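Input: a single structure, listed below in structure tokens.
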There are 2 protein chains.
Amino acid sequence: MVARYERIADALRDDILAGLHPVGSQLPTEAELAARYLAARGTVRQAVAVLVAEGLVGSRQGARRIVLGKARSQSFAELHSFAQWARANGYRFGGQMITQGRRAASPAEAARLGTDEVLDVLRLRTLEGEPVLLERTVYAEWVAAAVEELAPGCESVTEALYDSIGLVFAYGEHLIDAVSAGAQDARLLGVRRGSPLLRQRRITTTHEGRPVEWSDDRYRAGSVVFSIRNSIDANPLVRQAGDLRFGA
Amino acid sequence: MVARYERIADALRDDILAGLHPVGSQLPTEAELAARYLAARGTVRQAVAVLVAEGLVGSRQGARRIVLGKARSQSFAELHSFAQWARANGYRFGGQMITQGRRAASPAEAARLGTDEVLDVLRLRTLEGEPVLLERTVYAEWVAAAVEELAPGCESVTEALYDSIGLVFAYGEHLIDAVSAGAQDARLLGVRRGSPLLRQRRITTTHEGRPVEWSDDRYRAGSVVFSIRNSIDANPLVRQAGDLRFGA
DNA sequence: TAAGGGAACTTGTACAAACAAGCCAGCACA
DNA sequence: TGTGCTGGCTTGTTTGTACAAGTTCCCTTA
């Protein structure tokens, strides 16, 4: 059962994408929308709030709402999983486990993941045949066994873990910066040592807030761009001075 | 007049930051909070929704809400303005206009900014005495005059434009990737040519959705990290294959 | 002992109503 | 002509109520 406000939000989003409400134009008023969809004003407000959160619509008290853009946003799964992202966008992709092994957690890892032992995995992902992403992932001990079961050429770790133990990745925190390629980075990604890489470090947790993995993902420059929409009201993006958190 | 739900959200955030609700613990139920703050359940829900949007609290139907983290998020102004960000975090900072001049807009710029003529400005920003950020900003024609009025050493362009013509930056779209330093980048930032830079391209608009500026900001690697929190429900971050949008 | 079935609890959705606050166009006045 | 104010419109806030849906845990039963 999909909520009413979600269906209204979908309908409005489709209208915007279809050009019925061009960028820069005004959205119908809440009263109009309520009449059109035979819903209470509060329900319509919830629907519009979805679009505002997506950055598609701008809103401020007293003034009519405005269409800001028409880009569609991705699901969490698409952001989290390289495979789901690539598949949703129609790319050819692949993945290969390079090395994998258990070891004792460093103090920082123990604090982040809440376990003494970790499973350290290095994976290389390709897009359209080109090596694009190097993933250095550290898994908490309680998922290590399930990860070790995976085939070395497993395309989607996220999906495989959901199928095998019902694991759902629910929350993430991401740190994005630029680093130069080390010797191993350069060799595996096929770039020169010292060339720029886009680094995304992230920690992912379950619904319960239980940490699952800590990953250091490095993209070849030019292969991937992160996009964020924000506003004076909603600001998901934060700038931090370098390397203050999470150690090196 | 601050809204009630905002004051409740502030109180809850303070409690979390103060450790009254540790990371991983459960938040009080809506009913409890409503009783404590003498507010209707709907109002409490709005307050909690703020914290959920900030990524501090996780929420799902049927289960008690969970404290996910205690990082405080920045305002849009702090993200948008280097000066406001640096000041709020207690850093010594500076800025210097390097070159500035009007020229005809390229087709891409005309499409983005909606003007035929643009003002092109190159600025270098320093943090703790070190050159850290190179801003290549293109302003729409209708703000060009106000920007030209600014002093070359103007610390905060955002604040200066608000003071002079009441301009408010309200919405932004950001593209984040890594590039290697060109000759000019290297010289001004004091790094070697080809060394990694964190690039943030952004377009900023007014409340009305009117584009004001298009900027290409390059940070020296290691000086700045972007941080984003997301969840299966709220996902502000999007990954895109390289250089599909906004041209080069 | 383990699986299954609820009952109680908690969050999510929807409606209705009233007032507050900000925006904007049009009117009156200088 | 242009300035300032006012009134209508639109979005924001708050309360109250009812039901839906998911979670959790205990108790029953095999």
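Computed from a prediction, not measured in an experiment: that's the story for all the values here. Protein chains get the first letters and strands the later ones, always in sequence-line order, with residue 1 at the start of each.
Across the protein-nucleic acid pair, B/Tyr37 atom OH and D/dT14 atom P stand 14 Å apart, rounded to whole Å. Between B/Leu27 atom CG and D/dT23 atom P the separation is 19 Å, expressed in whole Å. Rounded to whole Å, atom P of C/dT11 lies 15 Å from atom NE2 of A/His207. Between B/Glu208 atom CD and C/dC23 atom P the separation is 10 Å, expressed in whole Å. The nearest whole Å value for the distance from the CZ atom in A/Arg60 to the P atom in D/dG12 is 11 Å. Rounded to a whole Å, the CD atom of A/Gln26 is 15 Å from the P atom of D/dC9. We find that CZ of B/Arg65 is positioned 13 Å from C1' of C/dC9, with the value rounded to whole Å. Atom CZ of A/Arg64 and atom P of D/dG12 are 13 Å apart (whole Å).
The side-chain tip of B/Arg210 points at the ring of B/Trp142 from less than 6.0 angstrom away and within 45° of straight on.
In summary, A/Arg125 and A/Glu155 do not engage in a salt bridge, as defined by a charged side-chain N under 4.0 Å from a carboxylate O. Using a 4.0 Å cut-off between a side-chain N of Lys or Arg and a carboxylate O of Asp or Glu, A/Arg201 and A/Asp217 do not qualify as a salt bridge. Salt bridge annotation for B/Arg102-B/Glu141: present, with a cationic side-chain nitrogen under 4.0 angstrom from a carboxylate oxygen.
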Please table the atom pairs, donor to acceptor, closer than 3.5 Å between any side-chain atom in residues 19-26 of chain A and protein atoms at least two apart or in another chain.
from	atom 1	to	atom 2	distance (Å)
A/Ser25	OG	A/Pro22	O	2.6

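Checking A/Thr204 against A/Glu213 by side-chain atom types alone, a donor-acceptor pair falls below 3.5 Å.
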Might you list the N or O atoms of the protein lying below 3.5 Å from N or O atoms in nucleotides 13-17 of chain C, with each pair's distance?
from	atom 1	to	atom 2	distance (Å)
C/dT13	OP1	A/Tyr5	OH	3.0
C/dT13	OP2	A/Tyr5	OH	3.3
C/dA14	OP1	A/Arg4	N	2.3
C/dA14	OP2	A/Arg4	N	3.3
C/dA14	OP2	A/Tyr5	N	3.1
C/dC15	OP1	A/Arg4	NH2	2.9
C/dC15	OP2	A/Ala40	N	3.1
C/dC15	OP2	A/Thr43	OG1	2.5

